[in-house]
Amino acid sequence: MSEPLQLNLAEAAAAEAWSTLQSYLKAGSGFVFEAGAGAGKTYSLIAALRYILDDRARELIRNHQQVACITYTNVARDMIIAQTDGHPAIFCETTHAFAWSLISRFQKRLCELVPTLGGWQTRKDELAHATADVELPNPEALPAGINAVEYTLGRRSIEGRTANLHHDDIFPLFIELMKSTKFRNSLTSHFPIILVDEYQDTNADLIAAFKEHFLGKINAPQFGFFGDHWQKIYGNGCGSLQHPSLKRVNKKANFRSVKPIVDCLNKIRSDLQQAPCDPNAPGMVRLFHTNAWIGNRRSGAHWNGDLPEAEAASAFQATKEMLIEDGWDFNSNTKVLMLTHRALANELGYRSMRDVFRFNDSFARKANDVIKYFHEHLEPAAKAFLEKRFGAMFHYIDTQRPVLKGPADKKRWSTAMSRLCELRETGTVGNVIAHLQNSGLPFLNDAVTRMEDDLTAAKQSQAPLNNHLQELDKLHAVRYQEIIALCEYLDGYSPFETKHGVKGDQFENVLVVFGRGWKDYDFNAFLEMAGDPQRIAQEHDLYERYRNLFYVAVSRPKRRLALLFTQRLTPSAMTTLTNWFDGYPIQDIGSVL
């Protein structure tokens, strides 16, 4: 008789979580499945879907029902669909697409609600024009003159008597319709089970509506929420999710990182202790700071305590050289995550951004709508065009309608995109925007169009430019190649990015550089707070914002982790680091700069 298979510690922890999850799925209980960094949250989500299919697929199809799986990104959606073979009993979509699939059936109510949305107040004339010279069959039912609502381009517009919705319109409409018993019954009858991926990043207002109208209610869908509230780093997500009807499942495993890194993560996060997969696998943890540097550090609310530019760059270079001596390879299997920008702008190729914008947040976290449009839409679309991936190109420019109706349309798009790609290499930001305005292809989104219109109007009236318009005016003069460099940075060096960044990703070795310049982050303050429960209670939201980004950044590596602090660390901050990384070298490189 063969010996039973011996599970390692991570596998045993995962098996325990899976057994608990199975029992909740079978009983129809609502639950929150909490999986820390490296635990394999997506693996468990796929396993849950397959378990439901094995148990209920025939029943669901016979009743014309599906399991809804709501994801945060298109990438996650496509992966889940592929892992479940596109089974007809599963409806997997982004949260926006899921909401639209439900509300689009209630056209009469949408026609009533659209004119009441805040974003549509600026289109009153357009809404009124939709009724001009048109005899309405039922004016009371169509107060704004529209008789259809669509969601195709993600841009607010009126075409004939059809209102086209913006992305920001979907959730308010979904939440409003959830107040209707008829709508809730329709949702439940079609989707008896709803699984939410990355619940912590799901819109907080939407989660609040689920709580109010479904959780704990009789004849409501079974809800399962998969995610990790310590990895919520985007502004409008719900974060931690608590409700009396939701049972908890904690997956206390880490299949990503070696034991030295997991040990540190367990000290940082004592409420979710993880077991490593191989306790004997070699690894490395190293910390560097610059407290010994003698000189005048930066001052000001966002910069206070950080090294001057030249010294910060020197600290980064010195750290790299020491890690290379320890066997790190920065050419292939090492990821550098920058939580500072000023010292590296020259090296990374977007130096002008520092002079254009008052705050790093505007370009590094895409608080500026133009930068956000370039990174999330225009640049991916241009790259897809150059690679002849035309379906992907239209996906990135946010159009779902068939835009190529014949050879003339195909030629018009090809000409416009070819010229865009030329300007990306040779022109300025202003040249690119002018081309987009003149050609109409690809579409400029509403936010960018408004900013450009405001800048044009202000210049024509010779009115003083406010800070945002001054920044836009300066941005026009920047060579577009710097935008390309910035987008490459966001795709490779930043843990802030949703679609292409490191959140959920993993790398062999990770160096995290912590500095100042951020409006929303001060990591010395975070380390001070971490050792002071009273301060955490007083500044809880601030603490969570700092904590979550720190955790996401330091939990990416598989084998080696290094941290470099270019800002001065106070004694209490150093005490926190010493406690968390006890036994691993902490080196002050300030004296060698």
Side-chain angles (χ1 to χ4, degrees), residues 37-38 254 256-269 274 276 278-293 306-307 311-340 343-344 347 492-495 502 505-516 523-524 526-527 530-531 546-547 549-593:
N254 191 313
R256 172 185 300 157
S257 303
V258 294
K259 187 176 185 298
I261 296 172
V262 174
D263 287 345
C264 295
L265 294 178
N266 285 340
K267 291 176 182 176
I268 294 169
R269 186 177 188 178
Q274 295 181 313
D278 181 358
N280 300 313
M284 176 187 294
V285 177
R286 294 199 62 181
L287 276 76
F288 303 87
H289 65 93
T290 60
N291 280 5
W293 184 75
D306 208 350
L307 292 174
E311 284 71 19
S314 296
F316 175 65
Q317 190 59 39
T319 300
K320 281 181 62 176
E321 290 172 1
M322 284 184 275
L323 293 176
I324 289 170
E325 290 178 3
D326 283 337
W328 290 48
D329 181 358
F330 279 82
N331 293 320
S332 60
N333 59 1
T334 295
K335 180 65 67 174
V336 181
L337 302 181
M338 303 293 185
L339 301 188
T340 178
L344 299 149
E347 180 178 341
Y493 286 79
S494 170
V502 303
D505 214 337
Q506 60 186 22
F507 310 97
E508 192 75 8
N509 313 312
V510 173
L511 166 61
V512 190
V513 184
F514 296 91
R516 294 303 316 276
F523 291 99
N524 178 73
F526 160 63
L527 294 171
Y546 296 165
R547 180 200 69 188
L549 183 59
F550 184 90
Y551 178 74
V552 166
V554 302
S555 61
R556 300 305 100 192
K558 293 189 283 187
R559 284 191 58 206
R560 299 183 179 97
L561 169 67
L563 284 67
L564 166 63
F565 292 87
T566 62
Q567 67 182 117
R568 182 191 291 114
L569 298 177
T570 59
S572 60
M574 288 299 301
T575 298
T576 297
L577 284 178
T578 302
N579 291 336
W580 284 349
F581 298 94
D582 182 35
Y584 300 105
I586 301 178
Q587 186 170 354
D588 190 337
I589 61 171
S591 60
V592 303
L593 302 181

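Residues: numbered from 1 along the sequence shown.
Checked against ring-ring contact (aromatic ring centres under 6.0 Å, His included), F581 has no partners two or more places apart in sequence or in another chain. For R559, the salt bridge (charged side-chain N to carboxylate O under 4.0 Å, His left out) partners are E508, not counting sequence neighbours.
Judged as a salt bridge (Lys or Arg N to Asp or Glu O under 4.0 Å), the pairs with a partner in residues 321-330 (not counting sequence neighbours) are, in order, R286-D326.
A 4.5 Å side-chain heavy-atom check between T319 and V513 finds every atom pair outside the cut-off. By the 4.5 Å heavy-atom criterion applied to side chains, Q506 and R556 are not counted as neighbours. The shortest distance between side-chain heavy atoms of L561 and C264 does not fall below 4.5 Å. Taking 4.5 Å as the limit, every side-chain heavy atom of F514 sits out of range of all side-chain heavy atoms of L549. Taking the side chain as every heavy atom from C-beta outward, L564 and I589 approach each other to under 4.5 Å. Inter-residue side-chain proximity for I586 and H289 is flagged as met; some heavy-atom pair is nearer than 4.5 Å. Between F565 and N291 the shortest side-chain heavy-atom distance does not fall below 4.5 Å. A 4.5 Å side-chain heavy-atom check between V512 and F550 finds every atom pair outside the cut-off.
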- [ ] Give the C-alpha distance, both sets of side-chain angles, the deciding distance and a yes or no for side chain to side chain contact (heavy atoms under 4.5 Å, CB included) between F330 and V336.
- [x] CA-CA 9 Å; F330 279 82; V336 181; 3.9 Å; yes

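Minimum interatomic distance between F288 and A562 (heavy atoms only, all atoms of both residues): CE1-CB, 4.3 Å. Between V258 and A281, the closest heavy-atom pair is CG1-CB, 3.9 Å. When every heavy atom of L593 is checked against every heavy atom of E311, the shortest pair comes out as CD1-O, 3.9 Å. Scanning both residues, W328 and V510, for their nearest heavy atoms gives CH2-O, 3.4 Å. Q274 and L265 make their closest contact through OE1-CD1, 4.3 Å (heavy atoms, listed as atom of the first residue, atom of the second, distance). Looking at every heavy atom in both residues, G531 comes nearest to T576 through N-OG1, 4.0 Å.
Rounding to the nearest 0.5 angstrom, the gap separating the CZ atom in F526 from the CG atom in N524 is 11.0 Å. Distance OG1/T570 to CG/L527: 8.0 Å, rounded to 0.5 Å. Atom CZ of F507 is separated from atom OG1 of T334 by 11.0 Å, given to the nearest 0.5 angstrom. Y551 contributes atom OH, which lies 4.5 Å from atom CZ of R269 (distance to the nearest 0.5 angstrom). In this structure, the separation between CG on L577 and OG on S572 is 10.0 Å, given to the nearest 0.5 Å. I268 contributes atom CD1, which lies 11.5 Å from atom CZ of R547 (distance to the nearest 0.5 angstrom).
Around atom NZ of K259, no more than 12 heavy atoms belonging to other residues, nucleotides or ligands sit under 6.0 Å away.
Of the possible donor and acceptor atoms, one in the side chain of N254 sits under 3.5 Å from a partner among the backbone N and O of A37.
Classified by interplanar angle (parallel below 30°, tilted 30° to 60°, perpendicular above 60°), the ring pair Y546/F523 is tilted.
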